[in-house]
Amino acid sequence: MITFPTMEFENYLQDMMKLSPFDSVVVLKAQNEGKFTVEMINSNASILSPVPFLKGMDASAFFQWLNWPNLVEMLQNPKEEVEFISLENHSKQVSIYIQPIVKNNEKYYALILKKVNEDKDSYSLYTFQNENTGLLNKRALNIKWSEHYQNYNDSRQISFLLVDLDRFKKYNESLGKQKADEMIKKISERFYQVGSESCELFHYSGDEFVFLVRHTLREEVELVVNKIYEQLKEPFLIDVHEYFVTCSIGISTIAADDCRDLETLLHQAEQALFYVKKHGRAHFRFYREEMSHTFQNEVLMEAHLRRAIEFNELSLHLQPQIDFDTYEIDSFEALIRWNNPKFGFVPPSQFIPIAESSGLIIQIGEWVLDQVCRYQQEWKTKGYRPVRIAVNISPKQFKQENFAEKVKRIIFKYNVEPRYIELEITESSMVNVDETECILKNLKALGVFVSVDDFGTGYSSLSYLKKYPIDIIKIDQSFIADLNKDDKNEAIVKAIIALSQNLEMDVIAEGVEEISQENFLKLHQCKKGQGYLYNKPLPIAEIVEKYLVK
């Protein structure tokens with residue numbers, strides 16, 4: 001046991017902190033009735049416990065992660081050598097060195113704690129610390145909430161900021177897990193700068209973080225949000241390359257007298273985050289009650305959509321395309337419809353985004369192509385006149401490995417002539433030039449038609465039209481709607497038609513609803529039109545009866 005006057009005691013403790021930079025140092029003070037308080041810790045020790053350090057706090061609360069009775073016994077009978085202590089509810093142990101100190105007849109204990117390596121595995125002492133980032137983890141949040149905020153008596157409100165890194169999966173795929181973890185660590189270091197006495201940071205899961213903010217005004221929460229976004233403005237340097245990261249934030253807030261169920265609060269933050277992602281990402285939203293209904297309906301709708309094919313709830317409608325030169329109809333666009341027992345007829349504008357975000361669009365897209373080819377085979381057998389049918393291909397479906405091969409298998413399965421199948425791709429599918437060119441060439445080798453849907457609304461580039469083997473350009477209905485009303489729209493439509501003609505491509509105008517629009521398109525030699533002026537999308541039986549029977 002070492003005895004010190006006050007000044008030397010303080011210097012000794014400071015030296016101990018400096019000499020143990022990679023260990024956790026905790027200084028305890030003995031109280032009456034065998035109790036101990038925590039008087040000082042170093043930075044490494046600050047992440048040992050799920051509860052924040054306060055000078056004079058009860059040591060049993062700080063050391064709740066290990067076997068406290070064993071530690072008390074060690075403190076009462078300290079040895080000169082390093083001892084080992086078991087972690088609570090765990091077979092692993094950590095090493096601990098205890099140095100008793102006396103100052104002015106008061107007993108103190110300087111504790112140095114280290115990790116213990118067993119075989120090849122190193123068990124982390126920091127059971128409340130994320131292994132990669134060093135931040136407090138989800139377990140720490142749960143314990144801290146139950147012990148400090150469940151019966152919160154502060155007049156301030158509490159907000160949960162659930163921060164999700166946007167599309168971080170692409171960094172895992174392109175950089176590999178090790179480099180992606182390096183980026184997560186760099187991000188966490190920046191987020192750590194946002195923390196303060198009233199703002200605590202937790203690494204909630206892989207690419208999600210939680211800020212727990214105690215505040216009086218909503219503006220204080222928004223100030224924290226702005227600081228978070230400020231930390232992501234500068235790029236992250238990985239292997240001499242710069243990468244930019246954005247994040248989406250969902251926020252739930254409770255007042256002093258509100259329900260303090262942690263699961264409910266986090267769920268509300270998740271619902272707000274879901275809303276943010278649905279509306280473009282890279283911004284934030286506070287939770288509102290109506291978000292709960294939207295979230296529940298969409299989750300339930302996705303569950304029903306997963307069984308829609310199995311339960312024969314999907315069907316096809318076809319919309320005719322009229323040839324402006326002959327007024328004949330020899331091509332159609334296939335459009336999917338969903339009739340569900342619970343939700344009734346669900347519009348495509350509602351269920352297609354769900355299918356896209358969940359990945360179901362691939363399965364649904366393959367079903368549509370299969371059905372179109374099956375109908376083509378059936379109509380040929382019955383002697384109906386041949387027509388071409390366009391099938392929409394989503395970006396996810398288009399970028400599938402061996403997409404052209406899958407198309408080939410379905411066409412050959414029904415022995416369909418490829419010239420009667422048209423695949424509509426969007427401009428957003430064509431960002432990767434080399435990949436797109438390869439896929440399109442393989443599709444053209446099959447003999448199918450390829451069209452670009454909604455031209456002019458996405459990643460328009462004249463180089464695409466020059467480089468890719470495209471047969472048809474479809475002018476988006478947003479341009480057609482304002483014909484004869486907007487000079488700029490008219491100029492755009494005329495330019496698209498002229499460009500397509502020079503590149504020997506056909507042009508189809510979508511959303512034709514007025515005769516004046518048709519007249520404009522015919523005047524400028526647009527090939528075909530599609531819209532309610534000619535007919536709405538119709539069920540297969542009506543299409544057969546009205547257009548196909550000779």
Side-chain angles (χ1 to χ4, degrees), residues 21-22 24 41-50 52-53 124 126 128-141 144 158-215 218-253 266 269-270 272-273 276-277 280-286:
F22 302 109
S24 298
I41 65 173
N42 68 354
S43 58
N44 284 335
S46 67
I47 54 177
L48 284 179
S49 177
F53 165 69
S124 176
Y126 312 124
F128 301 101
Q129 175 191 13
N130 180 276
E131 228 175 89
N132 179 40
T133 63
L135 298 177
L136 290 177
N137 58 22
K138 186 176 181 180
R139 182 183 176 194
L141 174 61
K144 182 171 286 193
I158 299 176
S159 285
F160 280 93
L161 280 61
L162 182 58
V163 180
D164 181 86
L165 303 178
D166 294 329
R167 299 183 179 91
F168 199 78
K169 183 181 177 182
K170 68 182 180 182
Y171 293 105
N172 272 308
E173 293 172 348
S174 60
L175 297 175
K177 187 178 185 308
Q178 184 176 353
K179 294 299 181 183
D181 283 349
E182 183 183 337
M183 182 178 287
I184 286 283
K185 189 171 184 178
K186 289 177 180 288
I187 292 169
S188 69
E189 289 170 356
R190 293 197 193 174
F191 282 173
Y192 187 76
Q193 304 302 315
V194 178
S196 65
E197 185 179 342
S198 59
C199 176
E200 299 177 67
L201 171 63
F202 301 84
H203 191 160
Y204 192 66
S205 64
D207 59 357
E208 287 187 328
F209 298 82
V210 167
F211 285 85
L212 190 157
V213 182
R214 300 183 297 282
H215 62 95
R218 177 170 169 149
E219 287 77 7
E220 295 175 68
V221 180
E222 294 182 357
L223 182 62
V224 173
V225 170
N226 291 333
K227 288 180 179 178
I228 293 171
Y229 285 125
E230 191 70 28
Q231 293 297 330
L232 297 179
K233 279 189 174 181
E234 296 298 320
F236 294 89
L237 193 64
I238 305 290
D239 286 345
V240 307
H241 295 294
E242 291 185 342
Y243 296 92
F244 287 88
V245 177
T246 61
C247 70
S248 301
I249 305 176
I251 307 170
S252 62
T253 299
L266 288 173
E270 286 175 352
L273 179 63
V276 171
K277 288 185 174 183
R281 294 184 171 88
H283 61 288
F284 71 96
R285 282 289 183 273
F286 285 84

*Asks:* I want to check something: taking the side chain as every heavy atom from C-beta on, are Val224 and Val194 in contact at a cut-off of under 4.5 Å?
*Replies:*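 A side-chain contact exists here, since the closest heavy-atom pair is under 4.5 Å.
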
*Asks:* Mind listing the closest non-hydrogen atom pair of Ser159 and His215 along with its distance?
*Replies:*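 Looking at all heavy atoms of both residues, the closest pair is OG-NE2, 2.8 Å.
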
*Asks:* With sequence neighbours left out, write down each residue that passes side chain to side chain contact (heavy atoms under 4.5 Å, CB included) with Arg214, or none if nothing qualifies.
*Replies:*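 Applying side chain to side chain contact (heavy atoms under 4.5 Å, CB included) to Arg214 gives Tyr149, Tyr152, Arg156, Ile158, Ser198, Glu200, Leu212.
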
*Asks:* CG of Asn137 to OH of Tyr204: how many Å apart, nearest 0.5 Å?
*Replies:*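 Going from CG on Asn137 over to OH on Tyr204, the span is 11.5 Å.
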
*Asks:* Identify, with sequence neighbours excluded, every residue that meets side chain to side chain contact (heavy atoms under 4.5 Å, CB included) alongside Ser205.
*Replies:*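 With sequence neighbours excluded, Ser205 shows a side chain to side chain contact (heavy atoms under 4.5 Å, CB included) to Glu208, given in chain and number order.
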
*Asks:* Looking at side-chain heavy atoms only, is the closest gap between Ile184 and Asp207 below 4.5 Å?
*Replies:*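 Yes, at least one pair of side-chain atoms sits under 4.5 Å.
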
*Asks:* Going by side chain to side chain donor-acceptor pair (under 3.5 Å), name the residues that satisfy it together with Ser248, two or more places apart in sequence or in a different chain.
*Replies:*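 Listed in chain order: Asp166.
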
*Asks:* Going by the rule salt bridge (charged side-chain N to carboxylate O under 4.0 Å, His left out), which residues pair with Lys277 if we only count those two or more places apart in sequence or in a different chain?
*Replies:*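 Only Asp164 meet the salt bridge (charged side-chain N to carboxylate O under 4.0 Å, His left out) criterion with Lys277.
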
*Asks:* State which residues pass side chain to side chain donor-acceptor pair (under 3.5 Å) with Thr133; sequence neighbours excluded, sorted by chain then number.
*Replies:*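 Checked Thr133 against side chain to side chain donor-acceptor pair (under 3.5 Å); matches are Asn130, His203.
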
*Asks:* Measure the SG-CD distance between Cys199 and Glu220 for me, rounded to the nearest 0.5 Å.
*Replies:*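 Output value for this atom pair is 11.0 Å.
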
*Asks:* Not counting sequence neighbours, which residues clear salt bridge (charged side-chain N to carboxylate O under 4.0 Å, His left out) with Glu182? List them please.
*Replies:*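 Here the qualifying residues are Lys179.
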
*Asks:* Tell me the closest heavy-atom pair linking Leu162 and Glu270, and the distance in Å.
*Replies:*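 Heavy atoms of Leu162 and Glu270 come nearest at CD2-CG, 3.5 Å.
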
*Asks:* Give, for atom CD1 of Ile238 and atom CD of Gln178, the distance between the pair rounded to the nearest 0.5 Å.
*Replies:*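 It comes to 10.5 Å.
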
*Asks:* The criterion is side chain to side chain contact (heavy atoms under 4.5 Å, CB included); which residues satisfy it with Leu237, sequence neighbours excluded?
*Replies:*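 Leu237: side chain to side chain contact (heavy atoms under 4.5 Å, CB included) contacts with Glu242.
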
*Asks:* Given side chains that start at C-beta, do those of Pro235 and Tyr243 come closer than 4.5 Å, heavy atoms only?
*Replies:*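 Not touching, per the 4.5 Å side-chain cut-off.
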
*Asks:* So do the side chains of Val225 and Leu161 get within less than 4.5 Å of each other, counting heavy atoms only?
*Replies:*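 Yes - at least one pair of side-chain heavy atoms lies under 4.5 Å apart.
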
*Asks:* Quick one: list whatever passes salt bridge (charged side-chain N to carboxylate O under 4.0 Å, His left out) with Arg218, sequence neighbours left out.
*Replies:*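 For Arg218 the salt bridge (charged side-chain N to carboxylate O under 4.0 Å, His left out) partners, ignoring immediate neighbours, are Glu222.
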
*Asks:* Should the heavy atoms of other residues, nucleotides or ligands under 6.0 Å from CZ of Arg167 be counted, would the total exceed 12?
*Replies:*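 Check fails, neighbour count at 12 or below.
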
*Asks:* How close do Ala45 and Ile41 get, heavy atom to heavy atom, and via which atoms?
*Replies:*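 For Ala45 and Ile41, the tightest heavy-atom pair comes out as CB-CB, 3.8 Å.
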
*Asks:* Output the distance between atom CG (Leu232) and atom CD1 (Ile187), rounded to the nearest 0.5 Å.
*Replies:*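 It is 6.5 Å, given to the nearest 0.5 Å.
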
*Asks:* Show your working on side-chain contact (heavy atoms from CB on, under 4.5 Å) between Phe202 and Leu135 and close with a plain yes or no.
*Replies:* CA-CA 6 Å; Phe202 301 84; Leu135 298 177; over 6 Å; no

*Asks:* What is the minimum heavy-atom distance between Ala180 and Asn172, and which atoms define it?
*Replies:*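 Distance-wise, the nearest heavy atoms are CB-OD1, 3.1 Å.
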
*Asks:* Is Lys186 close enough and on-axis enough to Phe236, meaning under 6.0 Å and within 45°, for cation-pi?
*Replies:*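 Relative to the ring axis of Phe236, which defines the angle, Lys186 lies outside at least one limit.
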
*Asks:* With sequence neighbours left out, write down each residue that passes side chain to side chain donor-acceptor pair (under 3.5 Å) with Asp181, or none if nothing qualifies.
*Replies:*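 For Asp181, the residues satisfying side chain to side chain donor-acceptor pair (under 3.5 Å) (neighbours in sequence not counted) are Lys177.
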
*Asks:* Would you call the rings of Tyr171 and Phe168 parallel, tilted or perpendicular, taking 30° and 60° as the class edges?
*Replies:*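 Tyr171 and Phe168: tilted rings.
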
*Asks:* For Val163, enumerate each residue passing the side chain to side chain contact (heavy atoms under 4.5 Å, CB included) test, keeping only those at least two apart in sequence or located in another chain.
*Replies:*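 Residues passing side chain to side chain contact (heavy atoms under 4.5 Å, CB included) with Val163: Phe191, Phe209, Phe211, Ile228, Cys247, Ile249.
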
*Asks:* Within the side chain of Tyr229, is there an N or O that forms a donor-acceptor pair under 3.5 Å with the backbone of His283?
*Replies:*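 It does hold such a pair.
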
*Asks:* Side chains of Val245 and Met183, heavy atoms from C-beta outward: is any pair under 4.5 Å?
*Replies:*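 Result yes, sub-4.5 Å side-chain heavy-atom pair found.
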
*Asks:* Please list, chain by chain and in numerical order, all residues satisfying salt bridge (charged side-chain N to carboxylate O under 4.0 Å, His left out) with Lys170, sequence neighbours excluded.
*Replies:*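 Result, salt bridge (charged side-chain N to carboxylate O under 4.0 Å, His left out) vs Lys170: none returned.
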
